[in-house]
Peer 1: 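Dropping the structure in here first, questions after.
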Amino acid sequence: MGKQWWKDSVVYQIYPRSFNDSNGDGVGDIKGITEKLDYLKELGIDVVWLSPVYQSPNDDNGYDISNYREVMDEFGTMADWEEMLAGMHNRGIRLVMDLVVNHSSDEHAWFAESRKSKDNPYRDYYIWRASENGHEPNNWGSIFGGSAWQYDEATDEYYLHLFSKKQPDLNWENPKLREEVYDVMKFWLDKGVDGFRMDVINFISKDPNLPDAEKKSPDKYQWGGDYFVNGPKFFDYMKDMNEKVLKNYNAMTVGEMPLATPEDGVKYTDEEDGIVSMLFQFEHMDVTNGPGGKWDQQPWKLTDLKKIISKWQTELHGKGWNSLYMENHDQPRSVSVFGDDGTYRVASAKMLAAWLHLLQGTPYIYQGQELAMTNVYFDRIEDYEDIETLNMYNEEVKEKGKDHAEILEAIHKKGRDNARTPMQWSDEKHAGFTTGTPWLNVNPNYTEVNAKKALRDKNSVFYFYKELIRLRKEYDIIVHGDYKLLLEDDEQLYVYKRKYSDQTLVVAANFSSDNVILELDELLQGGSLLISNYEETTHQLESSSTMRPYEVKAYLFYT
Ligand code: TEU
Ligand code: CA
């Protein structure tokens, strides 16, 4: 494997709480992951990104860490973790851990000290400010609702939390804090992990003046992103981290970077001067957002998706590196949003898979995506667990008096629990996820949608992913080829062409449930079929052909 081994890898994301429960307490755990390593090996993935397994009071399911060097009791022991890592490495699978260092839990020992007194040695590990005329230090809103500031009586000051009040932001201005983070990273790297996915890493540097955000909505609190997204010292902090830690390991780093532009992407992932191996950005996920943002989901246009994807493909080619994903633990299921989770569930899941995996970048499969798991439609708010969802519901329904049904519909479309219902292993009770009571109910479609069934069916979405992963290993063009969008204005067909030395790859995907005529340039006739999701397909590309509902086909040409 080369120096940049992540470029020809496929990543599989595990959300441990929902993956597999080994001891019947209803919560997925580390031994549960170890039990399923052969399943991952069968799929053929190269890397696991494991969402946090550190000690945590679980205000945000592990994204609130109270000890960076210990494994969460509910998930098992360090010995279990070591066994899991060995099991992965024995199978040639690498492990990327989640590094959540924009904030910690308020139950972290650093914070317990920090809040005690203004002269505590840990005071400056967090961001404390006095009140402004009896109010919060500024008008920033938290991403999970309400103010981004929490008053703390002990010292009569406020601390900053961009997420929940149990997730105080760490103060990266403090060199001691930065050293602590480096030590945590070395601790895990020395245990053998192969890299980190860095949670909201481009939020770590705040403008030290913490100015009020411009008032753009009637709300009391405003989005303060101008003062912390890609903040003033972000790049320098990351350079320092690379110098002091990462350069000594051949580690893969994925920077989760909301609001990053392709220009940022080029700067941050440059092979010589960059700071991470690849970024994880959200522009294409936001294509369904209406003017009201994430809870205002609207019908989306394929031409809008094309513009975003094409911009990233073109601008990063030869200069930077991106993640390719349509799902993670914060997003709804892609087949429910971009495909069809009814009649064409299987066809559309395969279409999305081939369309995505044949683009340039490192593909990510989120657990259950390989089964075409779908969104879930609980009708009681009590069935939801996610802090973001529940806070939003309380604010909108209980405080502002909005309609329950309307808000529930928004949750059905975009709530994070869509991705967090337990992995569907079989048609047994609770989908074979647990013998106990699952922490979050399983999606009732598990009798139809489950791994056991998929593994027995050679035409399943699972084996389609397996084939895509295999193709990546066989054809360099998938990793290295350039990108050109064809049929730019078409609202149903997404067609692109890639080139690499003497090879050309054409991928045609129908994002609709209609039969659509595909007409291509005379020059693009012939080639040989690489993959498709319908059994009967022409083995050579024709200048005019019909694309059936959610059909995808890719052809390779040698010139
Ligand atoms: O998410 C960061 C983020 O900015 C959003 O995508 C967010 O998750 C949310 O859905 C806003 O609507 C990361 C993690 O992936 C997420 O699970 C955590 O809750 C968050 O950071 C805080 O650690
Ligand atoms: Ca368990």
Side-chain angles (χ1 to χ4, degrees), residues 13 15-35 49-54 56 58-65 71-77 80 98-105 141-145 148 161-170 197-204 223 225 228-229 254-260 280-286 288-289 292-297 323 325 327-332 364 366 385-392 410-411 413-420 422 430 433-439:
Q13 186 193 348
Y15 193 70
R17 202 170 193 79
S18 305
F19 191 63
N20 184 34
D21 175 21
S22 71
N23 63 352
D25 66 356
V27 173
D29 46 51
I30 290 174
K31 271 191 193 308
I33 297 170
T34 306
E35 285 172 8
W49 153 22
L50 183 59
S51 279
V53 292
Y54 314 97
S56 166
N58 286 305
D59 190 50
D60 186 18
N61 290 350
Y63 283 90
D64 49 321
I65 297 167
V71 165
M72 193 192 300
D73 295 333
E74 271 183 308
F75 288 173
T77 63
D80 296 338
D98 219 309
L99 184 73
V100 188
V101 289
N102 172 68
H103 44 268
S104 73
S105 163
S142 145
I143 292 164
F144 291 159
H161 61 90
L162 294 180
F163 293 89
S164 100
K165 62 172 188 277
K166 288 185 66 62
Q167 292 168 300
D169 280 57
L170 289 162
R197 174 268 186 184
M198 301 176 172
D199 194 69
V200 285
I201 198 68
N202 64 334
F203 290 6
I204 59 175
W223 169 244
F228 60 77
V229 176
V254 192
E256 190 206 22
M257 302 197 194
L259 300 166
F280 201 91
Q281 51 77 33
F282 294 87
E283 200 177 350
H284 61 298
M285 288 285 108
D286 295 341
T288 56
N289 290 6
K294 98 168 251 183
W295 298 114
D296 176 23
Q297 293 294 291
S323 307
Y325 76 94
E327 288 185 24
N328 76 0
H329 64 293
D330 296 330
Q331 301 295 333
Y364 285 64
Y366 176 68
E385 294 285 346
D386 173 31
I387 178 170
E388 183 193 37
T389 295
L390 298 178
N391 285 357
M392 186 280 284
I411 295 170
K413 287 191 175 139
K414 196 65 178 181
R416 304 196 299 181
D417 283 336
N418 281 309
R420 301 177 181 185
H430 304 311
F433 162 74
T434 181
T435 53
T437 306
W439 71 277

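All ligand and atom numbering here is 1-based and tracks the order in the structure.
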Peer 1: Going by atom types only, do Asp169 and Asn102 share a side-chain donor-acceptor pair under 3.5 Å?
Peer 2: yes
Peer 1: Pair Lys31, Asn23 - check side chain to side chain contact (heavy atoms under 4.5 Å, CB included), show working.
Peer 2: CA-CA 9 Å; Lys31 271 191 193 308; Asn23 63 352; over 6 Å; no
Peer 1: Quick one: does Met392 get within less than 4.0 Å of ligand 1, heavy atoms only?
Peer 2: no
Peer 1: Report, in ascending order of atom number, the atoms of ligand 1 lying under 4.0 Å from any heavy atom of Lys294.
Peer 2: 10 (O), 12 (O)
Peer 1: So do Val53 and Met72 actually touch side chain to side chain, heavy atoms under 4.5 Å?
Peer 2: no
Peer 1: Test Gln13 against every option in His329, Arg197, Glu327 by the side-chain hydrogen bond (donor to acceptor under 3.5 Å, both in side chains) rule and name the one that passes.
Peer 2: His329
Peer 1: Looking only at non-hydrogen atoms, find the nearest pair between Phe282 and Pro258 and report the distance.
Peer 2: CD1-CA, 3.6 Å
Peer 1: Side-chain contact, heavy-atom cut-off 4.5 Å: Asn328 with Phe280?
Peer 2: yes
Peer 1: Just to confirm my output: which protein heavy-atom neighbour is closest to atom 7 (C) of ligand 1, and how far is it?
Peer 2: Arg416 NH1, 4.0 Å
Peer 1: Do Tyr63 and Asp98 make a side-chain contact, defined as non-hydrogen atoms from C-beta onward lying under 4.5 Å apart?
Peer 2: yes
Peer 1: Counting each atom of ligand 1 from 1 as listed, which ones have a heavy atom of His103 under 4.0 Å away?
Peer 2: 22 (C), 23 (O)
Peer 1: Are Glu388 and Lys294 close enough for a salt bridge, meaning some N to O gap below 4.0 Å?
Peer 2: yes
Peer 1: Counting C-beta onward and ignoring hydrogens, is there a side-chain heavy-atom pair between Asn61 and Arg420 closer than 4.5 Å?
Peer 2: yes
Peer 1: I'd like to know if the side chain of Asp64 and the backbone of Gly62 have a donor-acceptor N/O pair within less than 3.5 Å.
Peer 2: yes
Peer 1: Could you grab the protein N, O or S atoms closer than 3.0 Å to the Ca ion (ligand 2) for me?
Peer 2: Asp21 OD1, Asn23 OD1, Asp25 OD1, Val27 O, Asp29 OD2
Peer 1: Compare all side-chain heavy atoms of Tyr325 with those of Tyr366 and state whether any distance is below 4.5 angstrom.
Peer 2: no
Peer 1: Return the closest protein heavy atom for atom 19 (O) of ligand 1 as residue, atom name and distance.
Peer 2: Asp60 OD2, 2.5 Å
Peer 1: Hey, which atoms in ligand 1 end up nearer than 4.0 Å to a heavy atom of Phe144?
Peer 2: 19 (O)
Peer 1: Got the closest protein heavy atom to atom 11 (C) of ligand 1, with its distance?
Peer 2: Glu388 OE2, 3.2 Å
Peer 1: I'd like the name of whichever of Thr389, Asp330, Asp286, Ile65 reaches closest to atom 15 (O) of ligand 1 through any heavy atom.
Peer 2: Asp330
Peer 1: What protein heavy atom is closest to atom 20 (C) of ligand 1, reported as residue, atom name and distance in Å?
Peer 2: Phe163 CE2, 3.7 Å
Peer 1: Which of the atoms in ligand 1, numbered in the order shown and given with their element, are less than 4.0 Å from a heavy-atom of Pro258?
Peer 2: 4 (O)
Peer 1: Less than 4.0 Å is my threshold; does some heavy atom of Gln331 fall inside it relative to ligand 1?
Peer 2: no
Peer 1: Is there a donor-acceptor contact under 3.5 Å linking the side chains of Ser164 and Asp59?
Peer 2: yes
Peer 1: Can you pull out the closest protein heavy atom to atom 1 (O) of ligand 1? Residue, atom name and distance to 0.1 Å, please.
Peer 2: Glu256 OE2, 3.2 Å
Peer 1: So which heavy atom in the protein is nearest atom 14 (C) of ligand 1, and how far is it from that ligand atom?
Peer 2: Asp199 OD1, 3.0 Å
